[in-house]
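Only heavy atoms go into these numbers, but all of them, side chains included; no hydrogens, no water, no symmetry mates. Throughout, protein chains are lettered first and strands after them, A, B, ... in sequence-line order, and every chain is numbered starting at 1.
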Amino acid sequence: MKKANKKEIINALESIAVYLEIKGENSFKVSAYRKAANALERDERTIDDIKDPASLQGIGKGTAGVIDELVQTGESSLLKELKNDLPDGLLPLLKLPGLGGKKIGKLYRELEVVDVSTLRKACEEKKVQVLPGFGEKTEEKILAALEEFGKRPERLTIAQMIPVAELIKDRLNEMDGIIRFQLAGSFRRGRETVKDLDFILSTKEPEIVGEQIATMKNIKEVIGHGETKISLELQFDDLIVPVDFRMVTDEEFITTLHHFTGSKDHNVLLRQRAKEKGEKISEYGVVQEDTGEVKTFQSEEEFFKHFGLTYIPPEVREGRGELEVYTENHPLIDLGDIRSDLHMHTTWSDGGNAIEEMIEACRERGYEYMAITDHSKFLRVANGLTIDQLLRQHEEVRKQNEKFSDFTIFTGIEMDILPDGTLDYEEEILKNIDFVIASIHSAFHQDEKTIMKRFKRAMENPHVAMIAHPTGRVIGRRDGYSVDLDQLIEMAVETDTILELNANPNRLDLSAEWVEKAQAAGAKIAINTDAHHVAWLNHMQVGVKTARRGWLKKETVVNTWSSDELRRFINKHR
DNA sequence: GCCGTTTTCGGCCCGACTGTTTTCAGTCG
């Protein structure tokens with residue numbers, strides 16, 4: 001029997017939790033299996049290196065037994081048994097809003113609902129509304145949810161959310177009665193995708209503010225409207241965005257902001273810690289359990305300090321050891337550390353702005369240097385530069401460069417690694433370019449070995465400074481090519497090739513998870529916007545957020561260095 | 001199911017909102 005790998009074990013534990021939930025098991029037992037899955041996921045080691053799973057916090061005798069069985073045999077008798085007991089068509093029903101394990105269990109036992117279609121039938125025959133605990137409205141809602149089921153993506157990309165978030169902020173700014181507001185949730189933590197947007201508002205007049213929110217433009221539906229919480233679905237063309245608004249007093253603002261920034265795992269860990277001190281954290285403050293005294297805070301710094309911690313940036317509040325690390329300062333890279341952008345396009349290839357405009361925009365952003373990197377000749381669809389054009393462009397860049405004593409413009413190129421593994425320009429050309437980027441834009445279907453050969457050849461070329469968007473993924477649209485990232489990182493360290501964190505919110509490539517691994521291995525990262533328009537230079541913020549999610553320090557990121565330092569690094573092997 | 005210098009039993013993070021109920025269970029984040 002094939003042994004189960006770590007991912008399969010985590011999935012099995014999560015499946016067990018879901019089945020138990022539908023069975024109506026004790027909810028703490030259910031969450032014990034989820035906690036065990038989380039504990040495994042958080043641990044960096046492989047399943048073989050974790051000799052004794054029960055030694056991990058959250059894994060005891062029971063779940064360790066399940067894990068051991070999966071490791072030994074590749075199967076779990078408990079999971080098998082559950083699968084025999086319950087139809088697996090019930091599992092997707094948990095995704096329907098308003099339906100949880102308890103209700104699904106009841107539907108199964110009382111009405112023999114086993115999947116989406118039997119559930120729809122039961123609703124249509126009006127059998128659901130007569131069940132105790134259900135009613136007419138519940139039945140209607142289930143039917144409506146079934147109608148929408150599968151039509152909408154579960155998570156929305158940051159690229160889609162950025163303009164929506166800005167629009168809502170503008171509207172809140174125009175409303176009466178709001179003292180201050182902030183966007184919280186996974187958006188604030190910088191996740192690649194989000195389920196919804198969470199806004200925290202402070203006000204003395206929740207009814208007045210609530211009324212304005214519930215009547216704002218673009219509302220598709222008001223999901224809920226209570227005294228302090230309003231849930232909406234906003235619609236912009238095809239895009240439907242769930243948005244939650246929470247209203248509190250200004251004193252409560254900071255603890256509410258922290259609570260709804262999450263993550264859930266982070267909150268749970270911090271609350272457990274508070275409990276050990278005889279305190280209780282809620283949205284409204286920290287309660288001294290013996291006296292009932294409620295403490296509120298002026299800032300999140302102050303809040304964390306209360307628990308003996310320094311400020312924990314939202315990006316790392318994932319319950320992955322931040323409470324242990326942030327007993328002292330642990331600075332991560334910051335937007336203010338960025339001194340250049342090393343990947344962008346102009347009208348010479350497929351960009352929308354002239355060289356001068358890009359220079360001006362970079363200077364406005366306070367950078368000290370930059371690189372102009374248009375596409376190479378192979379990429380005809382993007383109007384890649386012929387050798388003649390390239391030489392003329394670099395002449396132009398050098399001329400521009402002479403204008404400034406306080407700013408440096410690198411000549412550059414985003415050169416294609418061709419399907420056969422050769423590079424788009426000869427050594428003779430490359431040796432005169434300041435910043436050579438190599439990247440893959442073709443033959444995505446090739447197998448991993450072939451792709452890795454292409455990368456290897458590029459990275460071993462002494463003139464190639466950086467690999468751009470290493471996986472080629474576009475979030476929510478395509479996975480990219482088959483690349484062995486562990487090996488790529490290894491090669492990057494060996495050849496001193498920089499790996500890119502492409503800050504385009506559709507790409508975020510490398511991801512937070514992989515830049516973290518790259519940093520651990522000693523590789524260097526550049527955060528670049530790959531801007532095709534001056535406005536896209538602002539994506540640097542998103543890139544830095546992603547870097548922070550990967551715990552990147554300033555030193556790891558080459559565009560926090562001075563231009564001389566970077567030049568020395570690039571020219572080391574030339 | 002997990003956990004424990006108060007505990008090997010009895011807790012487990014906490015609260016808003018809805019729809020079902022006549023005081024609360026279920027869901028959600």
Q: Name the nucleic acid region contacted by A:I281, choosing base, sugar-phosphate or nothing; use a 4.0 angstrom heavy-atom cut-off, strictly under.
A: sugar-phosphate

Q) Quick one: on DNA chain B, does A:L99 or A:S31 contact a more 5' nucleotide (nearest heavy atom)? A) A:S31

Q. Under 4.5 Å between any side-chain heavy atoms of A:I168 and A:L234, yes or no?
A. yes

Q. Are any of A:Y284's side-chain N or O atoms less than 4.0 Å away from OP1 or OP2 of B:dC13?
A. no

Q: Give the rounded distance in Å between these two atoms: NZ of A:K29 and P of B:dG1.
A: 4 Å

Q. Does A:K195 make a side-chain N or O approach to OP1 or OP2 of B:dC28 shorter than 4.0 Å?
A. no

Q: Identify, with sequence neighbours excluded, every residue that meets side-chain hydrogen bond (donor to acceptor under 3.5 Å, both in side chains) alongside A:R155.
A: A:T193

Q.
So A:L96, base contact, sugar-phosphate only, or nothing? Heavy-atom distance under 4.0 Å.
A. sugar-phosphate

Q) Does NZ or CZ of A:K103 lie under 6.0 Å from the centre of the six-membered ring of A:F134, at an angle within 45° of the ring axis? A) yes

(Q) Counting only side-chain nitrogens and oxygens, does A:K275 get under 4.0 Å of the OP1 or OP2 atom of B:dC12? (A) yes

Q.
Angle between ring planes, A:F245 versus A:F199, binned at 30° and 60°: parallel, tilted or perpendicular?
A. parallel

Short heteroatom pairs, N/O only, protein and nucleotides 17-19 of chain B, under 3.5 Å:
residue, atom, partner, partner atom, Å
B:dC17, OP1, A:E227, N, 3.1
B:dC17, OP1, A:T228, N, 2.9
B:dC17, OP1, A:T228, OG1, 3.4
B:dC17, OP1, A:K229, N, 2.7
B:dT18, OP1, A:H225, N, 2.8
B:dG19, OP1, A:K141, NZ, 3.0
B:dG19, O3', A:T138, OG1, 3.2

Q) Between A:K61 (NZ) and B:dT8 (C1'), how many Å, whole number? A) 12 Å

Q: Sequence neighbours left out, what passes side-chain hydrogen bond (donor to acceptor under 3.5 Å, both in side chains) with A:T556? Give chain and number order.
A: A:Q519

Q: Could you pull out the closest heavy-atom pair between A:P92 and A:F149, with the gap in Å?
A: O-CZ, 3.7 Å

